[in-house]
Amino acid sequence: MDNGRYDFNAIEKKWQDYWLSQKTFKAPNGAPTADTKSPAKPDPKAPLHLRPKYYVLDMFPYPSGQGLHVGHPEGYTASDIVARYKRMTGFNVLHPIGWDAFGLPAEQYAVQTGTHPALTTQKNIANMRRQIQALGFSYDWDRQVDTTDINYYKWTQWIFLKFFNSWFDDTQQKARPIEELPIPEDIRNRGEKAVRQYIDDHRLAYEAQAPVNWCPALGTVLANEEVVGGLSERGGHPVIRKPMRQWMLRITKYAERLLDGLKDLDWTESIKKLQADWIGKSIGAEVDFKVDSRDDVIRVFTTRPDTLFGATYMVLAPEHPLVDALTTEEYKQPIADYKEQAARKSDLDRTDLAKDKTGQFTGAYAVNPVNEQKIPIWISDYVLISYGTGAIMAVPAHDERDFEFAARFGLPIIPVVRPEDETLAAQVESARACFIGNGTAVNSGPFNGLSTPQFKEKITAWLEDKQLGKKAVNYKLRDWLFSRQRYWGEPFPILHVEDGQTLALSEEDLPLGLPEMEDYKPTENGRPPLARAADWVSITLPDGRKARRETNTMPQWAGSCWYYLRYMDPDNQSAAFDSLVEKYWMPVDLYIGGAEHAVLHLLYSRFWHKLLYDLGYVSTPEPFRKLVNQGMILGEDNQKMSKSRGNVINPDQVIADYGADSMRLYEMFMGPLEAAKPWSMRGVEGVHRFLNKSWRMIVNPDTGALQDAVRDAKADEETLRILHQTIKKVTGDIEHFAFNTAISQMMIFVNHLSRRQVRPKEVLETYVLLLSPFAPHVAEELWQRLGHPQTLAYEPWPAFDPMLTKEKEIELAVQIGGKIKDRILVSADADEKEIEQKALAAPKIQTLLNGRTPKKIIVIKSRLVNIIA
RNA sequence: GCCGGAGUGGCGGAAUGGCAGACGCGAAGGAUUCAAAAUCCUUUCCGGUUCACCCCGGGUGUGGGUUCGACUCCCACCUCCGGCACCA
């Protein structure tokens, strides 16, 4: 910085060093008092720990070898602007960052090279931290968390133990410690083993032998959420169904609360809907169908009990437990063949809608409870064992899938709902069309004539009365498959004792660290890599029994489910976080991240949070009050950035060429935060020119001293007005995340003041404060050159005077019949009468009206006048 | 197929019932310069008349509607992007 030009590289280095060494953004923990939880008025002069809190959270990144891409700084800049703004308005701001550092790439690299994943991970973290620090975000670096740090995952394991040692009380709708689980008398009478089994069956973390999504290419199982169209979300490899012993988390118990909790969240409706659809609540009835000439009963779930009279056959999932018992001798072989075929099918095959429906008759019949009709029982893979009861009543006239199936196998179609539309009604009547909407009941005995909703209510009551069925609710949400066959993840604090008992480590035994390994591949017989660590796996208990450690590890989601809690108290050795500290900081006031986590991470986090809430560890029922999703940044060719397209923008290069402030400012100026938008290097140059102009407005580029125009002078009226308009606009736009228009307004301000030969120092200082959340480095430097030795990070945010934002005289458009014909100048406080008279007196209006009297005159103050002739 | 979101100059976008195109990019012309870069000034939705000032008409994916007035609200359709996909 030898001369006065805008030397962004030197300025940015200087202030980044200053912020780090001064710990400018260190946020002290406060106490949860009335003042800090619901402040009457934040005080920008109060000591930080006595101020009201504001928690701004970024979705922490996976430290990949590729480093940062331009998408990261978008969300991070937006949250940083809010964090800096909130600090200046008097809040104690918690703004942390960390590393979601377990994950497959480091492990795959380890398999290939033998390098320990921890080494790769730490190297990548160091690089990404350098990149993130080069952008000047106001993180409190003393609060960094790293999910692979044993001091962190100790507590991830601790939370897992909470799941393991809890059950869900359906009547109270909350989790409770497993010790409080009531054991039924008959179970207790059957002995200790039965009791143990009963307890294990109620834990919120449990083991199950279940068909899972196995991905041979990745060598691991995947959660339902990680399988997209039968392919793995990561890499797009085929996924097959395979029965395996796996750890599950009982998220389904929380379905209702996860759905209900969405109501009060300040999230976009589209994200809430995505989660609600994923939870997939449907209300209907369970109905029992007796099997003809047998004692068995098949229970089905239906959302349309009003169509019971139209049920002409039943379908069971091939895996349904009654299938073998029901099947008549004659059909044993074809049923066995069909089951075999269905079991072999991959998810991709099973969900392929294009294919024809398949199925097989069992030879057995059921009795329709409403009319005693005998209907055939089939099996088909279009009925899923994992939803509802694994069996359906088929109503081909009013369900498209049943209609298709009936058509293919020549099963009868009986219409029982008559649609409003006559043409459609005729088609439904003659079984040529399927109608799934609401209508009027027909062919339904005593219920004929009822509307669909009325019928539903009546028949449900009728079924309950006759004890043939009852109202029921089902969810699409499935339990969360929580184990992976990998090395680089949190080990489960679980022991399998030789006598078959599953034992959890006690809290005092945590953390359970990962063993050192030489070979990170799965074993030859397909067991997880940890099975190779013989010394680690085998253990003798104090009572002499031998046991084996669980060799699966937790999925990557585990660490990210609760990291926002650890930030509050990252160095706590005796607890995951202190309870008072939690009460001070929670909930997260603003959470910014990509929409790709709409279902997975956000649903899992909410689930964990609710468990911790039930057990009394956290004080809020929901973790994230407001959620904002940044849009994707596309390449200059308007395509998704990818190496193969060669359109990837490297943030390091942009920072080197234009500076971090320009990078930040450009990413905010591109367009609305939530929108997808293409990169433009010309655009970066544009905002860079603006920063340069801001610099030259204040600093003489030849001497480095302040410009001669910078004086201790009173601002003229116009300058004052534009300044106050700018304060108003920038403040409001930050509150509404409209950063692009805030920047436009600052450009208007600079365009105005740069032309002035007198630039009052006070006005410039206010401007620098407004600019500072967006371009903090140059703002700090200008602030210093304007004579302030301290950082501006805690300066009070400028206030505007509404009176000063108003123009004295306004130009109004005068329309005739909605078309602009002339303009008039009126004073800002002119009343309607006055405006009307002025408008009518305007010369062109006079000519056009030509003496006619207007029918109506509409005056919109400060906007326009519309004359209806 | 179903559910979201979006369609505005050459480009990114602004305006959520009241003067369409703020701000930026690009382009054109001019000033400065020996020259260039940088900077500054002017013009820049389309068409017509014509740029000396003007003036006239059209215009926000398409077609209809509501309204004194529609980019904005309603109906139908088209296109693009994202999500879900046999959940009974």
Side-chain angles (χ1 to χ4, degrees), chain A residues 5 228-230 268-271 273-274 276-278 280-282 284 300-304 307 311 315 317 350-355 357 380-384 386-395 398-402 404-405 436 474-478 595-596 598-599 631-632 634 636 638 640 665-666 669-672 674-687 689-690 692-693 696 701 729 738 740-748 750-751 754-755 811-820 822-823 854-869:
Chain A
R5 82 194 151 83
V228 180
T268 60
E269 289 307 314
S270 64
I271 293 278
K273 195 168 178 313
L274 237 43
D277 286 352
W278 189 267
K281 180 180 185 174
S282 41
V300 302
F301 172 72
T302 177
T303 55
R304 295 296 300 271
T307 61
V315 187
R350 258 185 99 142
T351 58
D352 185 1
L353 288 176
K355 72 163 169 59
K357 294 232 177 324
S380 171
D381 64 5
Y382 86 89
V383 174
L384 309 173
S386 49
Y387 183 76
T389 60
I392 62 157
M393 63 173 205
V395 186
H398 305 291
D399 182 287
E400 274 165 6
R401 297 151 302 184
D402 298 345
E404 197 189 317
F405 191 84
I436 60 168
N474 259 294
Y475 301 91
K476 281 196 223 176
L477 186 69
R478 306 290 152 82
E596 67 273 19
V599 180
M632 199 179 343
L634 307 169
E636 299 209 69
N638 234 311
K640 217 167 171 162
L665 207 60
Y666 174 65
F669 187 61
M670 292 171 84
E674 301 87 345
K677 42 215 174 264
W679 186 269
S680 157
M681 225 33 120
R682 301 268 200 195
V684 183
E685 283 174 36
V687 296
R689 273 201 282 270
F690 159 70
N692 230 314
K693 195 166 176 176
R696 289 194 318 270
K729 178 88 178 135
N740 54 334
T741 47
I743 295 166
S744 297
Q745 182 63 37
M746 289 191 281
M747 287 172 168
I748 291 170
V750 171
N751 287 343
S754 295
R755 273 189 271 258
E811 194 186 58
L812 296 186
V814 183
Q815 301 180 326
I816 292 182
K819 303 245 181 240
I820 295 166
D822 206 349
R823 285 158 208 287
K855 286 200 191 91
K856 196 175 172 188
I857 300 175
I858 295 148
V859 177
I860 309 295
K861 268 196 179 175
S862 79
R863 296 284 185 187
L864 52 66
V865 181
N866 192 4
I867 298 165
I868 317 301

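Sequence lines set the chain letters: A, B, ... in the order given, protein chains first and strands last, and positions in each chain run from 1.
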**Student:** May I ask you to decide if the ring planes of Phe405(A) and Tyr382(A) are parallel, tilted or perpendicular, using 30° and 60° as cut-offs?
**Tutor:** tilted

**Student:** Taking the side chain as every heavy atom from C-beta outward, state whether Arg478(A) and Tyr387(A) have any pair of such atoms under 4.5 Å apart.
**Tutor:** yes

**Student:** Minimum heavy-atom separation for Ser744(A) to Phe669(A), with atom names?
**Tutor:** OG-CE1, 3.7 Å

**Student:** Reckon Lys729(A) has a side-chain N or O less than 4.0 Å from the OP1 or OP2 of C23(B)?
**Tutor:** no

**Student:** What's the closest nucleotide to the side chain of Ile868(A) if the choices are U39(B), C68(B), G18(B)?
**Tutor:** C68(B)

**Student:** The side chain of Ser282(A) is closest to which nucleotide in this list: A88(B), A85(B), C23(B)?
**Tutor:** A88(B)

**Student:** Please give, in whole Å, the distance from C81(B) P to Lys640(A) NZ?
**Tutor:** 12 Å

**Student:** Ile858(A) has a side chain; which of G12(B), G83(B), C68(B) sits nearest to it?
**Tutor:** C68(B)

**Student:** Across all strands, who's sitting opposite C73(B) as a Watson-Crick or G-U wobble pair, both distances under 3.5 Å?
**Tutor:** G65(B)

**Student:** Please determine, for the side chain of Pro672(A), which listed nucleotide (A88(B), G4(B), G13(B)) has the closest atom?
**Tutor:** G13(B)

**Student:** Should C86(B) form a Watson-Crick or G-U wobble pair with both distances under 3.5 Å, which nucleotide is its partner?
**Tutor:** none

**Student:** From the list C41(B), C23(B), A88(B), which nucleotide is the closest neighbour of the side chain of Arg755(A)?
**Tutor:** C41(B)

**Student:** Below 3.5 Å, does any donor atom in the side chain of Lys855(A) face an acceptor in the base of C68(B), or the other way round?
**Tutor:** no

**Student:** For Val687(A) versus Met747(A), what's the shortest heavy-atom pair and its separation?
**Tutor:** CG1-CE, 4.2 Å

**Student:** G59(B) and G83(B): how far apart are their P atoms, nearest whole angstrom?
**Tutor:** 37 Å

**Student:** Hey, is the main chain of Gly686(A) close enough, under 3.5 Å, to the side chain of Tyr666(A) for a donor-acceptor pair?
**Tutor:** no

**Student:** Please figure out whether Ile748(A) or Gly390(A) has its closest RNA chain B nucleotide nearer the 5' end.
**Tutor:** Ile748(A)

**Student:** Atom CZ of Arg682(A) to atom C1' of C23(B): distance rounded to whole Å?
**Tutor:** 18 Å

**Student:** Taking the side chain of Met747(A) as its heavy atoms from C-beta onward, which of G24(B), C3(B), G18(B) lies nearest to it?
**Tutor:** G24(B)

**Student:** In whole angstroms, how far is the C1' atom of G82(B) from the CG atom of Leu634(A)?
**Tutor:** 12 Å

**Student:** If you measure from the C1' atom in C73(B) to the same atom in G17(B), how many Å do you get, rounded?
**Tutor:** 8 Å

**Student:** Just label G69(B) as syn or anti from its O4'-C1'-N9-C4 or O4'-C1'-N1-C2 angle, using within 90° of 0 for syn.
**Tutor:** anti

**Student:** Just checking Ser386(A): base, sugar-phosphate only, or nothing, at a heavy-atom cut-off of under 4.0 Å?
**Tutor:** nothing

**Student:** So what does Glu811(A) hit on the nucleic acid, given a heavy-atom distance under 4.0 Å: a base, only sugar-phosphate, or nothing?
**Tutor:** base

**Student:** Just to be sure I understand the rule, does Ile860(A) reach a base, reach only the sugar-phosphate, or reach nothing, if contact means heavy atoms closer than 4.0 Å?
**Tutor:** base

**Student:** Can you tell me if the side-chain N/O atoms of Arg863(A) get under 4.0 Å from OP1 or OP2 in G17(B)?
**Tutor:** no

**Student:** Need the pair for U39(B). Rule: Watson-Crick or G-U wobble, both distances under 3.5 Å, any strand; none if unpaired.
**Tutor:** A31(B)

**Student:** Out of A88(B), G12(B), G26(B), which has the shortest distance to the side chain of Tyr387(A)?
**Tutor:** A88(B)

**Student:** For Gly686(A), report the nucleic acid contact type (base, sugar-phosphate, nothing); a contact means any heavy atom under 4.0 Å.
**Tutor:** sugar-phosphate

**Student:** Taking atom C1' in both G9(B) and A28(B), what distance in whole Å separates the two?
**Tutor:** 16 Å

**Student:** What's the shortest heavy-atom distance between Asp402(A) and Ala394(A), and which atoms?
**Tutor:** OD2-CA, 3.3 Å

**Student:** Which heavy atom of Leu812(A) sits nearest a heavy atom of Leu864(A), and at what distance?
**Tutor:** CD2-N, 4.2 Å

**Student:** Supply the atom-to-atom distance Gln815(A) CD to Arg823(A) CZ, rounded to the nearest 0.5 angstrom.
**Tutor:** 10.0 Å

**Student:** Given C86(B), G24(B), A20(B), identify the nucleotide with an atom nearest to the side chain of Ile820(A).
**Tutor:** A20(B)

**Student:** Measuring from Lys357(A):NZ to Glu404(A):CD, what's the distance to the nearest 0.5 Å?
**Tutor:** 4.0 Å

**Student:** Within the structure shown, what part of the strands sits under 4.0 Å from Asn474(A) by heavy-atom distance: base, sugar-phosphate, or nothing?
**Tutor:** nothing

**Student:** With both distances under 3.5 angstrom, what nucleotide forms a Watson-Crick or G-U wobble pair with A52(B)?
**Tutor:** none

**Student:** Whole Å only: how far is the CG atom of Asp277(A) from the C1' atom of G82(B)?
**Tutor:** 14 Å

**Student:** With a 4.0 Å cut-off on heavy atoms, is Ser680(A) in touch with a base, just the backbone sugar-phosphate, or nothing at all?
**Tutor:** nothing

**Student:** Rounding to a whole Å, what distance do you find between Asn692(A):CG and A37(B):C1'?
**Tutor:** 13 Å

**Student:** Any side-chain N or O of Arg5(A) less than 4.0 Å from the OP1 or OP2 oxygen of A37(B)?
**Tutor:** no

**Student:** Write down the partner of G9(B) under the Watson-Crick or G-U wobble criteria, each distance required to be under 3.5 Å.
**Tutor:** none

**Student:** Using the side-chain heavy atoms of Lys677(A), tell me which of these nucleotides is nearest: G13(B), A15(B), A88(B).
**Tutor:** G13(B)

**Student:** State whether Asn751(A) places a side-chain N or O below 4.0 Å from either non-bridging phosphate oxygen (OP1 or OP2) of G24(B).
**Tutor:** yes

**Student:** Work out how far the P atom of U49(B) is from that of G12(B), and round it to whole angstrom.
**Tutor:** 31 Å

**Student:** Reckon Lys273(A) touches a base, only the sugar-phosphate, or nothing at all at heavy-atom distances under 4.0 Å?
**Tutor:** sugar-phosphate

**Student:** Assuming nearest nucleotide by heavy-atom distance, tell me which of Pro678(A) and Ile392(A) is located more 5' along RNA chain B.
**Tutor:** Pro678(A)

**Student:** Just how far, in rounded Å, is P of G82(B) from CE of Met632(A)?
**Tutor:** 7 Å

**Student:** Say you pick atom P in A52(B) and the same atom in G58(B); how far apart are they, in whole Å?
**Tutor:** 26 Å

**Student:** Could you state the CD1-P distance from Ile743(A) to C25(B), rounded to the nearest angstrom?
**Tutor:** 13 Å

**Student:** My understanding is that a pair needs two contacts under 3.5 Å, Watson-Crick or G-U wobble. By that rule, which nucleotide pairs with C19(B)?
**Tutor:** none

**Student:** Could you give the distance separating C71(B) and U8(B) at their C1' atoms, to the nearest angstrom?
**Tutor:** 7 Å

**Student:** Determine whether a donor-acceptor pair (N or O, by modelled atom type, separation under 3.5 Å) exists between the side chain of Asn866(A) and the backbone of Gly818(A).
**Tutor:** yes

**Student:** Looking only at atom C1', what distance separates G69(B) and A15(B), rounded to whole Å?
**Tutor:** 16 Å

**Student:** Specify the separation, in whole Å, of atom CD1 of Ile271(A) and atom P of G5(B).
**Tutor:** 12 Å

**Student:** Using both distances under 3.5 Å as the test, list the Watson-Crick or G-U wobble partner of C45(B), or none.
**Tutor:** G58(B)

**Student:** Work out how far the C1' atom of G13(B) is from that of A6(B), and round it to whole angstrom.
**Tutor:** 14 Å

**Student:** Taking only the side-chain heavy atoms of Asn740(A) (C-beta and beyond), determine which of C19(B), A14(B), A88(B) contains the nearest atom.
**Tutor:** A14(B)

